[in-house]
Amino acid sequence: MAEDRAKVEPTSNEDRYQKVWAVIEGIPAGAVLNYGEVARLAGFPGRARMVGMALGRAPKSRQLPWHRVVNAQGRISFPEGSVKARTQRERLEAEGVEFVDGVIDLDRFSPQRAMDRLLWGP
DNA sequence: GGGCTGACCTACT
DNA sequence: CAGTAGGCCAGCC
């Protein structure tokens, strides 16, 4: 019946956002992930845009480390010079993330590398 | 319900 | 290296 059809899609969008937020909360300080990677880790490959939505709709009470999410080119996805962009950059640099020409080396500042630094030092 | 937008990505030229 | 094209899909008219 119609109810069975409804159960084919058990997860609501709210649930999807919860998964996305959980992944973002798992990004260690000093590391960044791009939107597509967050989507993939949350179980939604190819849906990078959803991550942006989830971030925008995240409740303030959640205190997400939203600044650790950048785009696939390693650049901040807010208009350059905007308050948000500057805030994000400041927070990242405070954690040791380096910008070269406004670009972050995603490989060098991946969560994996961050964990390595934690264990082995810089 | 159709159309547009957007904190995006990959692949290809 | 830059620029384009197509894919993606939840919100919001």
Side-chain angles (χ1 to χ4, degrees):
Chain A
M1 27 177 128
E3 311 232 351
D4 292 330
R5 178 184 298 279
K7 290 185 177 177
V8 171
E9 188 69 3
T11 52
S12 67
N13 293 320
E14 184 63 25
D15 290 333
R16 294 192 178 109
Y17 294 155
Q18 292 286 346
K19 292 208 71 175
V20 170
W21 295 335
V23 169
I24 293 171
E25 281 168 342
I27 306 174
V32 297
L33 279 182
N34 68 55
Y35 297 85
E37 205 70 6
V38 171
R40 192 176 61 76
L41 292 173
F44 312 114
R47 298 200 239 175
R49 301 197 93 121
M50 198 179 72
V51 175
M53 283 288 335
L55 278 167
R57 297 190 65 83
K60 170 118 185 21
S61 59
R62 194 109 187 201
Q63 298 257 331
L64 284 179
W66 58 270
H67 56 285
R68 295 181 193 144
V69 185
V70 298
N71 66 29
Q73 292 132 51
R75 312 202 351 78
I76 288 174
S77 285
F78 285 114
E80 188 165 335
S82 66
V83 179
K84 296 257 200 126
R86 279 201 307 259
T87 302
Q88 184 169 11
R89 177 162 179 159
E90 279 170 17
R91 287 198 186 186
L92 287 174
E93 290 182 324
E95 294 180 351
V97 176
E98 296 173 21
F99 287 76
V100 177
D101 237 15
V103 178
I104 300 167
D105 185 327
L106 294 180
D107 188 60
R108 201 152 80 89
F109 294 99
S110 67
Q112 188 58 62
R113 287 286 192 88
M115 294 311 288
D116 286 348
R117 278 195 296 280
L118 217 69
L119 295 170
W120 298 81

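Reminder, nothing fancy here: chain letters follow the sequence lines and each chain counts from 1. On a predicted model such as this, the values are computed, not experimentally measured, just so you know.
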Report the distance from atom CZ of A/Arg57 to atom P of C/dC9, rounded to the nearest whole Å.
18 Å
Nearest-Å distance for atom pair CD/C1', residues A/Glu37 and C/dC8:
17 Å
Whole-Å distance separating the CG atom of A/Asp101 from the C1' atom of C/dA2:
15 Å
Nearest-angstrom distance from the residue atom CG of A/Leu55 to C1' of B/dA7:
6 Å
Base, sugar-phosphate alone, or nothing: which one does A/Gly36 contact when heavy atoms must sit under 4.0 Å apart?
sugar-phosphate
Could you tell me the separation between the NZ atom of A/Lys19 and the P atom of C/dA10, rounded to a whole number of Å?
16 Å
Between NE2 of A/His67 and CD of A/Glu90, what distance do you get to the nearest 0.5 Å?
11.5 Å
Would you say A/Gln88's side chain and A/Val69's backbone share a donor-acceptor pair under 3.5 angstrom?
yes
Where the side chain of A/Ala48 is concerned, which of C/dC8, B/dA7, B/dC8 is the nearest nucleotide?
B/dC8
Hey, does the side chain of A/Asn13 come within less than 4.0 Å of C/dG11's phosphate (OP1/OP2), counting only N and O?
yes
A/Ser110-A/Asp107 side chain donor-acceptor pair, cut-off 3.5 Å:
no
Roughly how far apart are A/Glu80 CD and A/Arg75 CZ, rounded to 0.5 Å?
6.0 Å
For A/Tyr17 and C/dG11, is the shortest distance between a side-chain N/O and OP1 or OP2 below 4.0 Å?
yes
Closest of C/dC12, C/dC8, B/dC9 to the A/Arg47 side chain is C/dC8
Which nucleotide, B/dA7, C/dG11, B/dC9, lies nearest any side-chain atom of A/Trp66?
B/dA7
From CD of A/Gln73 across to P of C/dT4 the rounded distance in Å is 14 Å
Using a cut-off of 4.0 Å on non-hydrogen atoms, how would the nucleic acid contact of A/Phe44 be classed: base, sugar-phosphate, or nothing?
nothing
Figure out the CZ/P separation between A/Arg49 and B/dT10, and round it to whole Å.
13 Å
Between A/Arg40 and B/dC8, does any side-chain N or O lie under 4.0 Å from OP1 or OP2?
no
side-chain N/O A/Asn34 vs B/dC9 OP1/OP2, d < 4.0 Å
yes
Selected nucleotide, minimal atom distance to A/Ala72 side chain, candidates B/dT10, C/dC8, B/dA7
B/dT10
Provide the distance between the two C1' atoms, one in C/dC8 and one in B/dT5, to the nearest whole Å.
13 Å
From CE of A/Met53 across to P of B/dA7 the rounded distance in Å is 9 Å
Near A/Arg117 CZ, under 6.0 Å, is it more than 12 heavy atoms from other residues, nucleotides or ligands?
yes
Please report the distance separating the C1' of C/dG11 from the corresponding atom of B/dG1, rounded so that it comes out in whole Å.
15 Å
